[in-house]
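This report concerns only the one structure given below.
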Amino acid sequence: MTSKALQKVRDFEKKYLPYVQAEQPKFHLTGGIGWINDPNGFAPYKGEYHLFFQYYPYDTKWGPMHWGHVKTRDFLHWERLPAAMAPDTEYDRDGCFSGSAVETPDGKHLLMYTGVRNVRRRNGMIEAFQTQCIAIGDGVNYEKVDCNPVIQGDLLPEGGSTQDFRDPKIWREGDMYYAVIGNRCADTSGNILLYRSPDAMHWEFVSVVSACHNQYGSMWECPDLFRLDEKDVLLVSPQEMTAIGLEFHPGNANVCLIGQMDPDTHHLMRENVQAIDYGLDFYAPQTLLTEDGRRVMIGWMQNWETSSCKLSSLRFMGQMTLPRELSIRGGRLYQNPVRELERYRGIKIDYHYVLINGETSLRGINGRYLDMTVTIRPGNEASMFKWFRLYVARDGEHFTLIRFRPDTSTIKVDRTHSGFPHDIVNVREFPVWMKNGVLKMRVIMDRYSLELFVNDGEQAASFVLYTPLEANAISFSSDGSVLMDVEKYELEMN
Ligand code: FRU
């Protein structure tokens with residue numbers, strides 16, 4: 001049965017969504033209208049890929065969480081479906097928080113999410129009860145099951161807190177369901193708990209997969225655990241990170257832990273810990289496995305740190321990254337836009353071995369909807385250039401700068417002049433490595449965003465831009481001589 005709260009949101013969508021198309025990015029998902037945060041329930045169902053998201057359509061800021069809903073066949077065209085869930089029961093009255101989805105053996109679409117109920121105590125403090133809940137549906141309509149919540153405080157290991165117990169990622173293996181869930185434990189930082197169940201209704205605690213021990217931030221949100229290229233990979237989104245070199249930035253960060261699961265203890269033995277995305281706008285990623293065996297990740301292309309900074313003229317707030325194919329090479333996480341993007345490449349313009357020393361622009365190299373790869377190497381074998389700068393979304397007043405310095409081996413992205421009407425952090429620097437004397441930067445732009453992939457996906461960095469759309473020039477400059485190739489495609493969505 002559709003509750004009043006869910007009907008209200010569905011009516012609202014019917015009324016307003018038809019009017020908001022014009023201001024949307026071409027192929028990055030937004031909520032259409034209102035606020036979105038984390039991707040949820042990113043999973044195949046009956047031959048299509050469904051995606052839900054944390055959703056508050058009534059405003060461009062966070063509010064009581066609903067689940068918005070879309071589906072796709074190619075990860076780039078999204079078909080909107082009516083909102084899937086609203087906070088409309090006693091156990092989720094303060095929000096249907098993040099979660100995931102799986103197809104059941106009998107063809108049902110099962111959603112697992114965190115129900116939030118806040119209780120104000122006598123001293124005025126709010127105590128949150130976060131529990132794990134299930135809804136079952138047919139790909140459009142979902143019923144929350146009678147036995148909710150299916151996991152609550154009594155199934156927490158000692159010291160675990162129901163105040164921070166959220167974001168289940170469910171999957172099926174053999175005859176069992178498994179789920180990893182974020183929790184705050186006795187040392188006040190996060191850990192990731194593994195549960196299992198034969199029917200998704202009756203669960204037992206299995207193990208602590210990995211614990212933060214206050215090393216990488218505090219509470220760990222939005223876990224995802226999967227096997228990839230002979231490694232076990234755990235993705236988490238830590239809160240309150242303090243900076244660690246140029247790898248992890250302060251605030252809401254993102255971390256990938258790579259290693260092997262111990263088959264007896266179900267604990268992840270770490271071999272490498274790295275950032276997932278080095279940009280200013282990335283959080284809470286989630287993955288799925290495609291039918292042809294690709295592990296594809298999508299993230300919230302925003303961050304709590306940047307989420308109050310918006311353009312008042314836009315009726316949506318928050319977009320998702322491009323879905324990205326993941327792999328592990330040399331013990332590191334690699335990511336590249338899904339290959340389906342190549343189908344939408346239009347006119348190609350390319351240049352080879354352009355020698356630059358100073359500032360240059362190239363005829364036909366411009367735009368705000370593009371897929372462009374810039375490859376650079378020293379133009380003079382005897383002396384390394386000092387820096388190389390790539391300016392995009394440029395006009396007389398605006399620009400976004402991507403600067404590479406070989407001496408520090410870093411890329412700095414600066415979007416100070418990219419239309420932001422608030423004084424937030426707009427610069428991010430991260431380590432990169434030239435490979436055989438060459439650095440490759442693939443830049444994807446789609447109206448209000450820039451995603452950078454370095455060296456065939458060795459690093460990714462996501463940024464929201466609010467630069468006026470007329471600012472579409474691109475230029476290159478260097479201190480010292482650089483030999484450059486540029487390959488640019490217009491991106492066209494029909
Ligand atoms: C992460 C998060 C989740 C929570 C959701 C609430 O961005 O804080 O932990 O489920 O957002 O919207």
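Numbers here simply count residues along the sequence, with the first being 1. Atoms within each ligand, like the ligands themselves, are counted from 1 in listed order.
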Item to complete: State if Asn37 counts as touching ligand 1 under the rule of any non-hydrogen atom under 4.0 Å.
Response: yes
Worksheet item: Will you find, in the side chains of Asp88 and Ser3, an N or O donor that is under 3.5 Å from an N or O acceptor?
Response: yes
Worksheet entry | Taking atom 6 (C) of ligand 1 as the reference point, the nearest protein heavy atom with its distance | Gln54 OE1, 3.2 Å
Discussion item. For Tyr177 and His202, I'd like to know if the aromatic rings sit close, meaning centre-to-centre distance below 6.0 Å.
Written reply: no
Discussion item. Please list the nearest protein heavy atom to atom 8 (O) of ligand 1 with its residue and the distance rounded to 0.1 Å.
Written reply: Glu221 OE2, 2.9 Å
Worksheet, complete the sentence: If we number the atoms of ligand 1 from 1 as shown, the ones under 4.0 Å from a heavy atom of Ser98 are 5 (C), 10 (O)
Discussion item. Return the closest protein heavy atom for atom 10 (O) of ligand 1 as residue, atom name and distance.
Written reply: Asp167 OD1, 2.6 Å
Fill in: Within the 6.0 Å centroid threshold, strictly below: His109 and Tyr142
yes
Worksheet item: Is it the case that Ser161 and Arg184 place a side-chain donor and acceptor less than 3.5 Å from each other?
Response: no
Practice prompt. Name the closest protein heavy atom to atom 1 (C) of ligand 1, giving the residue it belongs to and the distance to 0.1 Å.
Written response: Asp38 OD2, 3.0 Å
Worksheet item: Using the benzene-type ring in the case of Trp, are the ring centres of Phe27 and Tyr344 under 6.0 Å apart?
Response: no
Worksheet item: Can an N or O of Trp62 be found at a distance shorter than 3.5 Å from an N or O of ligand 1?
Response: yes
Discussion item. Can you confirm whether the side chains of Ser327 and Asp229 place a donor and an acceptor under 3.5 Å from each other?
Written reply: no
Worksheet item: Hey, which atoms in ligand 1 end up nearer than 4.0 Å to a heavy atom of Met65?
Response: 12 (O)
Worksheet entry | Nitrogen or oxygen atoms of Tyr283 and ligand 1 under 3.5 Å apart | no
